[in-house]
Structures are given as structure tokens and as C-alpha cells.
Amino acid sequence: MKDIDVSFVMSVYNKEYYLPAVLEALLNQIGLENPEFIFVDDVSKDKSVEIIREATKGMDNITIVAKTQNDGTSKTVNQGIELAKGKWIRMLDSDDILPLDSTKIMLDLAQKHGADMVYGKFVKTGKEPEEIAREMVVGPIEYEYSKDALRRVLKGGFTRMGQLIKADVLKKGQGADPLVFIQDESIPLRASLNSWGGVAKMRNNVVLVPKETNNLSKNTKQLEHDRFFANYNMLKDNYGSLARDIIAALNERSVSANWKYVKRNLCCPYLQKDFFVYLYTKIFRPQPNFKILDKYAKRFLSLDGILRTKDLKDLIAK
């Protein structure tokens, strides 16, 4: 049997509206030798699992995991990563559509430069899913390659699923942070920490977002909560082993996530101490003041209406 070249890992939760078009694009990715498809359902209440089973009936290299406990996207993605047998892993949300040639283009770039990670851009199309299920990447292909993946990731632009990452690098980084509900921010941070081959960042769109119906990206409190903890946890977990400029960058990203929350939700935000901490951090890029960051963490943990992983809930309970 041929080795698996690319493992596609999809987290699924109540996306029956999108799945027919998403699966059409996913299962017809061109130019691959022997892909596998892993679907991990986080206890959907609709017909998502039935749609996947019907669309993949009779196909090889299909794994469908129907979980019995809902515990968030990060842990769902991680379960799929653990099952992956391919040399490369490409993750996607179940409402994102991949251009048919996008994986092959990304794989070619990775092999050309010996990169461990390939990212691209995404575009919100506003179109019905079936309208964009047979799209190709719009060229010419433009990208930049950085040998230092972590420093490049810290410059931003790595916040959407659809990336292609070498499986051993992704698994060494243990996938997404299990304390963070939305995985987008933590995956590139944790993977790049273990990358020696660098990252290629495409300027082309490799993810097409259909018309959105009910999306977590509209919940700004959730986004800032998860952005904060992705960077804060990375900082605390690796503080003793990171260079000073990387520590400063993680600190700045943590402070920035807090400021975005304050600016959107608190009265007179520019009179708050948070604004002056943000301004000072942005200008001088200091080393972290953990008393301040810990205070921000407690405030985020006190917010209502936030989806949290079981791991984080257990940590709060302690």
C-alpha cells in the first residue's frame, strides 16, 4: 500500500448546511497520491455525521469519529491529529471550502523550500457554499518563505484553519492548546516552536469562506478570550527557553488581546489603565509583567457567555 501523503483533519459541529459543498471540494483535491480524510464530530445535533457518511461511502482512507462528549474545537482537532497517518496534515473547519488545487500547490511549496508549514490567506466570499465548491487558486502564486517560523508567525496573519503542516512537527507541538476553545491562534504558535524547516506564507487565498450563518468569529469576547490565552499560555509554558524578543512579542500579543476586549466592552476605555499598559507595550516592547497578565487572565476567566474547554473549566474549578 502507498504511504499516506496528506491527512485532512476536519472538526465538525452542526454544519449540515455547508457540508455538501465543503465535502465536494475536500474529497476532490487534485494532484495528491494517497490522501486520507479524518472527520471528528463534536456531538452535532443535526445531520452532519450522516451527510459525511453518505458522501464518503465506499471510499478508502476514511475515518469518522462520532464523539459522545462535546469538549470544543481544539480538543476535537487534536483527536484527529493523533489519528493522522500522513506525512503532512491539513486541517479545516467544516464550513470552509478548499480550492481544488490548493493542497497540491502548498505541498509543492513545502517541498521546494523544505518548509514544515505552509499558510495562505482566506477570503469571505458571501456566496452560497455550492457556488464555490469547484474553485481553483487564483494565480500567479505569490509567497514569502521564512526559515524562522516562530518569529514569522508572531508577525501575524496566521489565524485561520486550512494550513498544511508536517505531521511530526504538528504532533511534537501537540496540536492546539487544549485550554483554548478556538484553535486558530494556538496551532501555528505551538507548531512553529518545533519547526526547523521554516514556513511559507502564501498571498493567495487557500480557504474560501461561504456566506456565514452562525459563526464564532462574530463573538468578539470569545475571540479575544482565546487569543489572549493562546499567547499567555505559550508565554508561561515556555518562558525559560525563549529568546527575549520572542517573549516580548508574546507579551505584546497578550496585552493587545486584552486591550481589544477593553476597548469594545468597558466604559471610557482610553481612561483605563489597560490603555496605558497597551501603549507602553506597543512602543517599548518590554518583558512581561506577570502580575498584570495574571490580572487580565482572571478577568477573562470571569466573563460570562464564553465557550471553554473542559480542561480550562477544571483548571478554574481548582
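Applying the salt bridge (charged side-chain N to carboxylate O under 4.0 Å, His left out) rule to pairs touching residues 165-174 yields D116-K166, sequence neighbours excluded. Sorted by first and then second residue, the salt bridge (charged side-chain N to carboxylate O under 4.0 Å, His left out) pairs with a member in residues 178-195 read E185-R253; sequence neighbours excluded.
A salt bridge links D294 and K236; the closest N-O separation between the charged side-chain nitrogens and carboxylate oxygens is under 4.0 Å. Look at R151 and D245 and you find a salt bridge, because one of the NZ, NE, NH1 or NH2 atoms lies within 4.0 Å of a carboxylate O, short of that distance. Using a 4.0 Å cut-off between a side-chain N of Lys or Arg and a carboxylate O of Asp or Glu, K57 and E54 qualify as a salt bridge. D60 has no carboxylate O lying under 4.0 Å from a charged side-chain N of K2, or vice versa, which leaves the two without a salt bridge.
K201 and Y145 share no side-chain donor-acceptor pair at under 3.5 Å. Side-chain atoms of Y18 and E212 include no donor-acceptor pair closer than 3.5 Å. Judged purely by distance below 3.5 Å, without hydrogens or angles, the side chains of Q222 and D226 pair a donor atom with an acceptor atom. D46 and S48 share a side-chain donor-acceptor pair at under 3.5 Å.
Closest approach of G72 and K67 over heavy atoms only: O-NZ, 4.3 Å. Closest non-hydrogen pair, V255 versus Y278, comes out as CG1-CA, 3.6 Å. Nearest approach of T76 to S11, heavy atoms of both residues: CG2-CB, 3.8 Å. The heavy-atom pair separating A110 from V118 by the smallest distance is CB-CG2, 3.7 Å.
With values rounded to the nearest 0.5 angstrom, F158 atom CZ is found 6.5 Å from M117 atom CE. One finds the CG atom of N205 at 9.0 Å from the CZ atom of F122 (value rounded to the nearest 0.5 Å).
Between Y232 and F300, the ring center distance fails the sub-6.0 Å criterion. In this structure, W259 has its ring center under 6.0 Å from that of Y270.
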